[in-house]
There are 2 protein chains.
Amino acid sequence: MAASIKDVAREAGVSIATVSRVLNDVDVVNEETKKKVLEAIKKLGYRPNIVARSLKTQKTKTIGILIPDISNQFYPEIVRGTEDVANIYDYNIMLCNSDSDLEKEKEYLRVLKEKMVDGVLYMSSSLEPEILALIKELELNTVLVESKDNEGKLPSVTIDNKSAALDATNYLIERGNKHIAYIGTPKNAQNAWSLRYAGYEEAIKESGLELKEELLYFGELKAQTGYEAIDKLIEKDNIDAIFCASDEIAMGAINALRGKGILVPEDIDVVGFNDLYTASIFYPRLTTISQPMYDMGSVAMRMLIKLINNKDLDQKHFQLPYILVERDSCKK
Amino acid sequence: MAASIKDVAREAGVSIATVSRVLNDVDVVNEETKKKVLEAIKKLGYRPNIVARSLKTQKTKTIGILIPDISNQFYPEIVRGTEDVANIYDYNIMLCNSDSDLEKEKEYLRVLKEKMVDGVLYMSSSLEPEILALIKELELNTVLVESKDNEGKLPSVTIDNKSAALDATNYLIERGNKHIAYIGTPKNAQNAWSLRYAGYEEAIKESGLELKEELLYFGELKAQTGYEAIDKLIEKDNIDAIFCASDEIAMGAINALRGKGILVPEDIDVVGFNDLYTASIFYPRLTTISQPMYDMGSVAMRMLIKLINNKDLDQKHFQLPYILVERDSCKK
């Protein structure tokens, strides 16, 4: 049978109230008494009822993580980063897969509030006004990962998606490519990813190349999009390079090209985005924009824990550095 | 300000006790009153305090998931399977990464108990006696995924690892290969994975081939192991095929072989294990044992929820079917 607070008080020869004061770290207990109580706690293996205490303190030491889908390769490393930091500060994470479905997201936010999580990390392709309104209504401490609300009210962690896409496209231009295709999310998407198209467009225009609608293919950030895009694009013009807004698209596209007897990088240069673990194992190894996924998760969690404990954030919007990793999917 | 139970009672024109009876689904409330209460709840957007209720019911509708590492490609799909089922039955999951570290696992189990989770899904390469003892001591409802305790006390979900490895090795033998190497976990490992070696050994012996120590390389189930193994093995004998106990090993090995000018499947046949998403994107696409990872998670969660609700399990040890997926890493 587990030891109770009463057992600890008896063992230490003090009152229950004194044990409670020690547990709650109230500073009026003298050191000697405190020591006795802590020894008794250790000896009896006493563990306070966290749930009962949560009701009193209104803190559960639990944080909700709202992501589209943990089986999408992009999220596991971010989640790992969040959990490692949570663990250091004695928090646990409650993982919710929303499939970017608005109703599911709303339901999760309500459930997380009911379960009295201390805060929420929100990652989603879209950031609908309804979600922002609900976060406000529920008074949930929230940090956004990989997206930013237009009004800039909620703290966020991102990379500079536009600048990264610009660099990737310029890298292709510098190699002498003239007909550079784009495969990825459309320009008008309500999320950080649409900035990748914006970066591509800017690079093309700035370099004096012609922006051709027929070299653009818009779709989800999945391998399937890469396959579909190649079927459509390859008839067009003489494409010599492709900027893909995700590694999965890039891998799908490269496999599709290989199926048509077109080799990467011999015939076409390809650059991806994200630097998934798979990107370095794929053949050819992908040249890609490396996002610091683990760090995005850990930085966001640190910010959230500060927020929960009413500490000042050094920065409200954290933009982490990215790098362009050169591997084998572009000609040397 | 959120509506309280008092507001609901006032709105419905009933007592607080009546509202409570409706909320707790006690059947003594007449239908008309019940309807009034439910309408009031809906109108006011009232949400009962789940944490307070948890203390009373001793149920939190939360389940702990203990895995080695969510950023290992094997786990995200399993976790997704668990969460989808949890969601259907109104449970949430608390995700814990243990790195298969014994102390970390013990600490997580204790914390999960303190946070009053209703049950735990435990996945880990090892299943130390200390862990089994702690699970028993804490009286945690537990289902094992991908492992089995030797005494068979805890419910579990696995595939038949030995039989799968036997099939994979026989597949290589049937193609006329004579010098079949093994790269994977050692035979004496305390986990389900060691059965993969056992299956390999049995297939080699049954077929009348010679079991050669020099064709074995033991290590972790990572890509790095594949690279290291090729450095050692390739000097030996004239290897014509390799059975790898994980896809990551297989991909590492194939890349290492390519680096040495040896092609798969032209020169050497390779079979992997797991069927990660990457296996179908890799070049060459991997022939591998496909584990139903999503199903393992969802079946385990269904079992656990039954256990929590004191329902009979149809089967205590669930062995899910696997298949050998033929792709391009073996000669046709």
Side-chain angles (χ1 to χ4, degrees), chain A residues 2 47-52 54-55 58 60-62 64-65 69-73 75-84 87 90 92-97 104 107-108 110-117 137-139 223 248 251-252 254-255 258 276-278 280-285 293-294, chain B residues 2 45 47-55 58 60-62 64-65 69-73 75-84 87 90 92-97 104 107-108 110-117 138 223 248 251-252 254-255 258 276-278 280-285 293-294:
Chain A
R47 295 240 160 188
N49 184 323
I50 292 192
V51 176
S54 297
L55 267 182
Q58 296 285 311
T60 54
K61 285 278 193 179
T62 302
I65 312 267
D69 181 6
I70 191 68
S71 65
N72 173 323
Q73 290 190 68
Y75 296 102
E77 226 179 299
I78 298 183
V79 169
R80 181 67 213 239
T82 69
E83 212 261 327
D84 280 357
N87 187 252
D90 293 329
N92 291 97
I93 63 167
M94 222 174 247
L95 187 75
C96 309
N97 295 290
K104 230 174 147 181
E107 188 54 29
Y108 271 125
R110 290 206 184 89
V111 168
L112 290 172
K113 178 67 184 184
E114 283 173 10
K115 293 202 170 172
M116 286 176 56
V117 295
E137 179 196 324
L138 297 175
E139 296 174 356
E248 300 205 345
M251 293 186 279
I254 292 173
N255 284 345
R258 191 187 285 121
L276 301 178
Y277 172 70
T278 320
S280 62
I281 280 196
F282 189 72
Y283 179 73
R285 298 179 314 135
M293 293 178 281
Y294 182 92
Chain B
R47 294 241 161 186
N49 184 323
I50 291 193
V51 176
R53 200 198 280 190
S54 296
L55 268 181
Q58 296 287 311
T60 54
K61 285 279 193 177
T62 302
I65 313 267
D69 181 6
I70 191 68
S71 66
N72 173 323
Q73 290 189 69
Y75 296 103
E77 225 177 301
I78 298 183
V79 169
R80 181 68 212 240
T82 69
E83 213 260 327
D84 281 358
N87 187 251
D90 292 328
N92 291 97
I93 63 168
M94 224 176 245
L95 188 76
C96 309
N97 295 289
K104 229 174 149 183
E107 188 53 30
Y108 271 126
R110 289 206 184 90
V111 168
L112 290 172
K113 179 68 185 184
E114 284 173 8
K115 291 200 171 172
M116 287 175 56
V117 295
L138 297 175
E248 301 205 343
M251 293 186 280
I254 292 173
N255 284 344
R258 191 187 286 122
L276 302 177
Y277 173 68
T278 321
S280 62
I281 280 197
F282 189 73
Y283 178 73
R285 297 182 314 135
M293 293 178 282
Y294 182 92

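Chain letters run A, B, ... following the sequence lines, proteins first and then strands; every chain starts at 1.
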Heavy-atom pair with the smallest gap, counting every atom of [X] and [Y]:
| X | Y | answer |
| --- | --- | --- |
| Ser71(B) | Pro76(A) | CA-CB, 3.9 Å |
| Ile281(B) | Ala223(A) | CD1-CB, 4.0 Å |
| Glu83(A) | Cys96(B) | OE2-CA, 3.9 Å |

ask   = Among Val111(B), Asn87(B), Leu276(B), Val79(B), who wins on heavy-atom pairs under 4.5 Å with chain A?
value =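 Looking at each of Val111(B), Asn87(B), Leu276(B), Val79(B) in turn, Asn87(B) comes out on top.
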inquiry  = Just so I understand: if I count every heavy-atom pair under 4.5 Å between each of Glu114(B), Arg285(B), Met293(B), Arg110(B) and chain A, which residue has the most?
reply    =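 Winner by heavy-atom pair count: Glu114(B).
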Tyr277(B), part contacting chain A, at a heavy-atom distance under 4.5 Å =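 Just the side chain, heavy atoms under 4.5 Å.
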key: Under 4.5 Å from any heavy atom of chain A - which part of Asn72(B)   =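 For Asn72(B), neither part sits under 4.5 Å from chain A.
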ask   = Going through the distances and angles, do Tyr108(A) and Asn92(B) end up as a side chain to side chain contact (heavy atoms under 4.5 Å, CB included)?
value = CA-CA 9 Å; Tyr108(A) 271 125; Asn92(B) 291 97; 3.9 Å; yes
request  = Give the intermediate values and the outcome of side chain to side chain contact (heavy atoms under 4.5 Å, CB included) for residues Gln73(B) and Thr278(A).
outcome  = CA-CA 10 Å; Gln73(B) 290 189 69; Thr278(A) 320; 4.2 Å; yes
inquiry  = Does any backbone or side-chain atom of Asn97(A) lie under 4.5 Å from a heavy atom of chain B? Answer side chain, backbone, both or neither.
reply    =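 Asn97(A) touches chain B through backbone and side-chain heavy atoms alike.
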query = Is a donor on one side and an acceptor on the other found under 3.5 Å between the side chain of Lys115(B) and the backbone of Lys61(A)?
reply =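 Judged by distance alone, yes, a pair lies under 3.5 Å.
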Gap separating the [atom1] atom of [X] from the [atom2] atom of [Y], nearest 0.5 angstrom:
| X | Y | atom1 | atom2 | value |
| --- | --- | --- | --- | --- |
| Ile70(A) | Asp84(B) | CD1 | CG | 12.0 Å |
| Asp90(A) | Glu107(B) | CG | CD | 8.0 Å |
| Ile65(B) | Ile93(A) | CD1 | CD1 | 11.0 Å |

ask   = In terms of heavy-atom pairs under 4.5 Å, which option from Lys113(A), Arg258(A), Glu77(A), Glu139(A) contacts chain B the most?
value =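 Top option by heavy-atom pairs under 4.5 Å: Arg258(A).
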